[in-house]
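Hydrogens, waters and symmetry mates are skipped; everything else that's a heavy atom, side chains included, is used. Given the structure is predicted, the values throughout are model-derived calculations rather than measurements.
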Amino acid sequence: MRFAAIGLDHRHIYHMVGELLAAGAQCAGYCPQTSDPRVLAGFQERFPQLQARDRQALLDAADIDVILCAAIPRDRAGIAIAAMRRGKDVMCDKPGITSLEDLAAVQEVVAETRRIFSICFSERFVVPSTLVAAKLIADGAIGRVVHTTGLGPHRLNRAIRPAWHFDAATYGGILADIASHQIDQFLFFTGSADARIVASSAGNVGHPDLPHFQDLGELTLESAHARGFVRVDWFTADGLPTWGDGRLILLGTEGTIELRKYVDIDGRPGTDHLFLVNGRGTRHIDASTEPLTYFHAFAADVRDRTETAMTQRHVFTVTRLALEAQRDARPPLSPQD
């Protein structure tokens with residue numbers, strides 16, 4: 001499988017390219033066009049062997065199978081459509097789509113071309129502890145999952161963010177963006193094919209000088225057999241030794257699993273801490289060495305025209321729910337309220 005990278009605007013392109021290379025794919029080049037020269041410099045430092053090429057040449061090249069895209073979020077759907085109409089499959093960073101109109105357009109092109117449109121939900125696909133949790137659940141360790149609580153706090157790192165990061169019209173809004181991770185995990189871990197947004201809120205409570213930015217969002221959702229709560233924000237303090245204390249709590253009928261994905265504050269070193277509680281007791285599992293599977297599965301799907309990494313229906317359902325939550329979000333209460 002040969003791929004190219006178009007849209008070097010977010011650092012997530014690093015693990016997208018790196019993991020596909022590790023899965024045995026070949027990179028045919030990248031387009032150096034970017035809104036953030038620091039991302040390009042980091043890319044070139046990590047992958048000095050890769051060749052910069054013209055964007056249109058990459059789209060038109062008959063020997064390129066896949067386009068990876070971490071462009072400015074508003075532009076990702078258009079790049080994906082252009083790639084699919086040229087016979088290429090697509091892997092986008094999240095959010096892959098920032099409007100319901102673009103979602104309809106992408107769905108139409110997927111139906112027309114039969115190409116794969118995948119979104120790399122990195123908080124599941126690049127986090128080893130989520131794979132261990134999935135194995136435990138499949139083995140019946142906590143019974144049937146009936147509720148999820150997903151927390152996605154992030155450090156703002158304001159000084160190194162490009163201007164588009166602070167405009168919800170450009171990145172889609174906090175729920176369309178960050179909360180898509182937690183919606184993906186709700187559907188996956190509860191085995192739900194679909195869900196509905198019960199309530200949502202999003203807005204700016206701590207950055208009055210950034211009027212188009214959203215720093216806090218939350219939502220509740222439910223399927224036919226499970227419910228979930230999501231909170232996402234940009235308030236991680238600088239004292240935390242990583243970008244955010246991402247957590248996922250899975251409530252089962254016979255126990256619970258909590259994932260401390262990136263840090264165990266004031267506790268064990270490293271990432272991917274899994275805590276299991278069930279009828280046999282409590283247990284801590286270091287899940288950091290679990291091999292990732294999404295990128296290998298994606299490459300196999302490109303070759304075999306299968307859906308083992310993630311179904312197309314799942315991609316579109318997660319995106320639709322995130323966009324609906326964003327569209328219908330009420331403002332969060334202000335500190336004065």
Within the structure provided, determine whether [X] and [Y] are in side-chain contact (heavy-atom separation under 4.5 Å).
X      : Y      : answer
Arg247 : Asp245 : yes
Asp238 : Arg155 : yes
Ile174 : Asp215 : no
Leu210 : Arg158 : yes
Arg115 : Arg305 : yes
Val106 : Val109 : no
Phe166 : Leu156 : yes
Thr317 : Leu187 : yes

Side-chain heavy atoms nearer than 4.5 Å, only ILVMFWY residues, links allowed to pass through others: does that put [X] and [Y] together?
X      : Y      : answer
Leu58  : Leu50  : no
Val110 : Ile79  : no
Val315 : Ile81  : yes
Phe125 : Phe3   : yes
Ile178 : Tyr262 : no

Q) Between Leu250 and Ala133, which heavy-atom pair has the shortest distance, and what is it? A)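 Where Leu250 meets Ala133 most closely, the heavy atoms are CD1-CB, 4.3 Å.
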Q.
Testing the basics here: between Gln214 and Ala202, what is the closest heavy-atom pair and its distance to 0.1 Å?
A.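 Of all heavy-atom pairs spanning Gln214 and Ala202, the closest is OE1-CB, 3.8 Å.
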Q: Begin with the C-alpha distance, continue with both residues' side-chain angles, and end with the deciding distance and a verdict on side chain to side chain contact (heavy atoms under 4.5 Å, CB included) for Met84 and Ile116.
A: CA-CA 8 Å; Met84 289 187 289; Ile116 297 170; over 6 Å; no
So, taking the atom named [atom1] in [X] and the one named [atom2] in [Y], what distance separates them when rounded to the nearest 0.5 Å?
X      : Y      : atom1 : atom2 : result
Leu274 : Ile285 : CG    : CD1   : 5.0 Å
Glu222 : Asp194 : CD    : CG    : 11.5 Å
Leu20  : His296 : CG    : NE2   : 9.0 Å
Ser180 : Leu175 : OG    : CG    : 9.5 Å
Ile197 : Leu221 : CD1   : CG    : 5.0 Å
Ile183 : Ser192 : CD1   : OG    : 12.5 Å

Q. Any salt bridge between Asp63 and Arg2, counting N to O under 4.0 Å?
A.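 Here Asp63 pairs with Arg2 in a salt bridge, since their nearest N and O are under 4.0 Å apart.
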**Q.** NZ/NE/NH1/NH2 to OD/OE distance under 4.0 Å, Lys135 and Glu290
**A.**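 A salt bridge links Lys135 with Glu290.
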(Q) Please identify which of these residues, Ile137, Val277, Thr256, Leu136, meets the side-chain contact (heavy atoms from CB on, under 4.5 Å) condition with Ile142. (A)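 Exactly one pass, corresponding to Ile137.
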Should the ring pair [X] and [Y] be called parallel, tilted or perpendicular, given that the plane angle runs from 0 to 90° and is split at 30 and 60?
X      : Y      : answer
Phe316 : Phe117 : parallel
His10  : Trp164 : tilted
His207 : Phe213 : perpendicular
Tyr294 : Phe298 : tilted

Checking side-chain polar atoms at under 3.5 Å, does [X] have a donor or acceptor matched by the opposite partner on [Y]?
X      : Y      : value
Gln107 : Gln312 : no
Gln182 : Glu218 : no
Ser288 : Asp272 : no
Asp301 : Thr306 : yes

Q: Could you tell me whether the side chain of Thr190 and the main chain of Val146 form a donor-acceptor pair under 3.5 Å?
A: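 Side chain of Thr190 to backbone of Val146, a donor-acceptor pair under 3.5 Å: no, none is there.
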Q) Between His154 (side chain) and Gly152 (backbone), is there a donor-acceptor pair under 3.5 Å? A)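 Confirmed, His154 side chain pairs with Gly152 backbone.
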Q. Can the ring centroids of His314 and Phe188 be said to lie less than 6.0 angstrom from one another?
A.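 No, the ring centres sit 6.0 Å or more apart.
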(Q) If you apply the rule side chain to side chain contact (heavy atoms under 4.5 Å, CB included), what do you find for Asp93 with Arg76, and how did you get there? (A) CA-CA 8 Å; Asp93 183 22; Arg76 293 173 187 172; 3.5 Å; yes
Q) Would Thr148 and Gln185 satisfy side chain to side chain contact (heavy atoms under 4.5 Å, CB included), going step by step from the backbone distance to the final call? A) CA-CA 8 Å; Thr148 70; Gln185 290 165 85; over 6 Å; no
Q) Quick one: does NZ or CZ of Arg53 land under 6.0 Å from the six-membered ring centre of Tyr30, within 45 degrees of the ring axis? A)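 Ring-cation test returns no.
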